[in-house]
There are 2 protein chains.
Amino acid sequence: MPEPANQALRPARRNEIRQQNEALILQAAEKVFAEAGFGGATMQLIADVAGLPKANLHYYFATKEELYRKVVQNIFEIWLHAAESMDNAPGPVEGIGAYIDAKMEISRRHPDGSKVWASEVMHGAPVIQDYLETTLRDWTAGRVALIQGWIDAGQMAAVDPRHLLYLLWAATQHYADFGHQIETLNAGPLTERQWREAKASVKMMILRGIGAV
Amino acid sequence: MPEPANQALRPARRNEIRQQNEALILQAAEKVFAEAGFGGATMQLIADVAGLPKANLHYYFATKEELYRKVVQNIFEIWLHAAESMDNAPGPVEGIGAYIDAKMEISRRHPDGSKVWASEVMHGAPVIQDYLETTLRDWTAGRVALIQGWIDAGQMAAVDPRHLLYLLWAATQHYADFGHQIETLNAGPLTERQWREAKASVKMMILRGIGAV
DNA sequence: CTTCAACTTGACCATACGGTCAGGAAAAGA
DNA sequence: TCTTTTCCTGACCGTATGGTCAAGTTGAAG
């Protein structure tokens, strides 16, 4: 893909305009949806955050739903990518350890995306129900088999693989979804050092919890 | 308190009418706020769910915000009550075990409340920020000390008490907040037996994770 | 330069929402 | 019974929101 990787916004070739504005809008939308929820978000506010007139949003995204759907799909992409980190590992320490690292990094780098995802699922997954029933279900089945293999090989304790996955999701996403609570209790955002401690704590507790260390 | 514990809705003494209708509205509101979020919820829908005319809601609760605030406060009460289960325990196995049981039970019995709470925190705790800074912070400090005591007494591994608390909150609340996802992967609601397994799995993984078993 | 398609945007519209209110019904008190 | 207080509710209102549109501007193609 011969992408110019244009960081600034000068030349603006026809094709780039579209990509640039779509990205700008999606970024603003993710933030606003995360902060206000789908119902509380307004196209006007998203437009203001993006620095574009509202009518321009509707040129690129016909409806609020369509824009929201794109945001959620983007998050799912990131999620799936992180999910790969679990594969090709010789055992649970490496596989689950890498997965925790990847998911903690998402919580740190994309807290808004995580919140939008959480909100979507909490409200009954109105737009990504099909993904849950296909992609996520398949991915989960594969990972359950992987974990069961590690158990059968004596590399970890005989825990229920599904509940382990839930624990992994819960523990890692909590640092994004409940970030405000954590920051309040911490009297400020987590520092670089505190993030390392958080990662290490989660990894240690879970890996020991499944008898892998 | 000489409360008649009136389950049906017959006699309707003056005082009971108020209590009954407020409870009815709060119940409906919790459900609607959980399903649609604050911004997506409408007074009309809450009224329909409660089976009352919309104007009647405004007789008992002046504004949507006031109603929402009451719902969130109710949830916080339940949360605080469950929090007591951790005290007066001889060690982490009993204390944390009981706390996990209590919180899992809340996820099962009050999933809507849990979702409203999660949503509130995700959106920056606009109405319960003061609770986070006072009640929750104090409670957390106390529990951190309690856990540190267990660590110092050699009853569990030297984990960071704060991250343990976050793990407890995350793991248990996940079964309510992401219940829809779990039910989709489970091809249906968790059965009585599956709930027992969930509880046991969470408890086992975490207790072993902190070196208490 | 001309033409055409892609992009931009201020002004506008219909609707849905939170909230109000006046007038009536039903208890409680005297 | 009469009076007072609480409760109930259909009809109404101002506003904010998602979405439309028509008239423009800008970049590409010939």
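Quantities reported herein were computed from a predicted structural model and do not represent experimental measurements. Side chains included, hydrogens not; waters and symmetry mates left out as well; all remaining heavy atoms used. Letters A, B, ... mirror the listed sequences (proteins, then strands); counts begin at 1.
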Expressed as a whole number of angstroms, how long is the span from Glu22(B):CD to dC8(D):P? 11 Å
Output all residues satisfying side chain to side chain contact (heavy atoms under 4.5 Å, CB included) with Ile75(B), sequence neighbours left out; order by chain, then residue number. Glu30(B), Val71(B), Val116(B), Trp117(B)
Looking at CG of Leu67(B) and CZ of Arg69(B), how far apart are the two atoms once the value is rounded to the nearest 0.5 Å? 11.0 Å
Would you kindly give the CD-to-C1' distance between Glu66(A) and dG19(D), to the nearest whole Å? 13 Å
Is Asn56(A) close to Tyr60(A) at the side-chain level, that is, under 4.5 Å between some pair of heavy atoms? yes
Compile the donor-acceptor pairs under 3.5 Å between side chains in residues 175-187 of chain B and protein atoms, sequence neighbours left out, one pair per line.
unit_1: Tyr175(B); atom_1: OH; unit_2: His163(A); atom_2: ND1; d: 2.7
unit_1: Asp177(B); atom_1: OD1; unit_2: Ser114(B); atom_2: OG; d: 2.8
unit_1: His180(B); atom_1: NE2; unit_2: Gly124(A); atom_2: O; d: 3.2
unit_1: His180(B); atom_1: NE2; unit_2: Gln129(A); atom_2: OE1; d: 2.5
unit_1: Thr184(B); atom_1: OG1; unit_2: Gln129(A); atom_2: NE2; d: 3.4
unit_1: Thr184(B); atom_1: OG1; unit_2: His180(B); atom_2: O; d: 2.9
unit_1: Asn186(B); atom_1: OD1; unit_2: Gln194(B); atom_2: NE2; d: 3.0
unit_1: Asn186(B); atom_1: ND2; unit_2: Gly188(B); atom_2: O; d: 2.9
unit_1: Asn186(B); atom_1: ND2; unit_2: Gln194(B); atom_2: OE1; d: 3.1

Polar atom pairs between nucleotides 4-6 of chain C and protein, under 3.5 Å, N or O only, would you list them?
unit_1: dA6(C); atom_1: N3; unit_2: Arg14(A); atom_2: NH2; d: 3.2

How many Å lie between CD1 on Ile46(B) and P on dC17(C), as a whole number? 12 Å
Verify the contact: side-chain N or O of Asn56(B) to OP1 or OP2 of dG10(D), cut-off strictly under 4.0 Å; return yes or no. no
Find the distance Leu52(B):CG to dG10(D):C1' and express it as a whole number of Å. 15 Å
Taking C-beta and beyond as the side chain, do Leu132(B) and Arg137(B) meet within less than 4.5 Å on heavy atoms? no
Whether Asp48(B) and Lys54(B) form a salt bridge (side-chain N of Lys/Arg under 4.0 Å from carboxylate O of Asp/Glu) is what I want to check. no
Between Arg196(A) and Glu192(A), is there a salt bridge with N-O shorter than 4.0 Å? yes
d(CG, Asn21(B); C1', dT9(D)) in whole Å: 13 Å
Give the intermediate values and the outcome of side chain to side chain contact (heavy atoms under 4.5 Å, CB included) for residues Val159(B) and Leu167(B). CA-CA 11 Å; Val159(B) 303; Leu167(B) 181 63; over 6 Å; no
From CG of Leu57(A) across to P of dG10(C) the rounded distance in Å is 13 Å
Nucleic acid contacts of residues 23-30 of chain B, taken as heavy-atom distances under 4.0 Å to DNA chain C: none
What string of B, S and - do you get for nucleotides 18-23 of chain C 5' to 3' if you count protein non-hydrogen atoms under 4.0 Å? BBBB--
Could you state the atom-to-atom distance from OH of Tyr60(A) to C1' of dT9(C) in whole Å? 12 Å
Closest heavy-atom pair, Ala171(B) versus Ile206(B), reported as atoms and distance to 0.1 Å, is CB-CD1, 4.1 Å
Nucleotide of dG10(D), dC7(D), dT8(C) approaching Ile17(B) most closely (side-chain heavy atoms): dC7(D)
Pair listing, side-chain hydrogen bond (donor to acceptor under 3.5 Å, both in side chains) test, anchored in residues 71-83 of chain A, at least two apart: Gln73(A)-Tyr131(A)
Under the side chain to side chain contact (heavy atoms under 4.5 Å, CB included) criterion, do Leu165(B) and Ile147(B) qualify, and how do the steps go? CA-CA 10 Å; Leu165(B) 287 176; Ile147(B) 293 168; 4.1 Å; yes
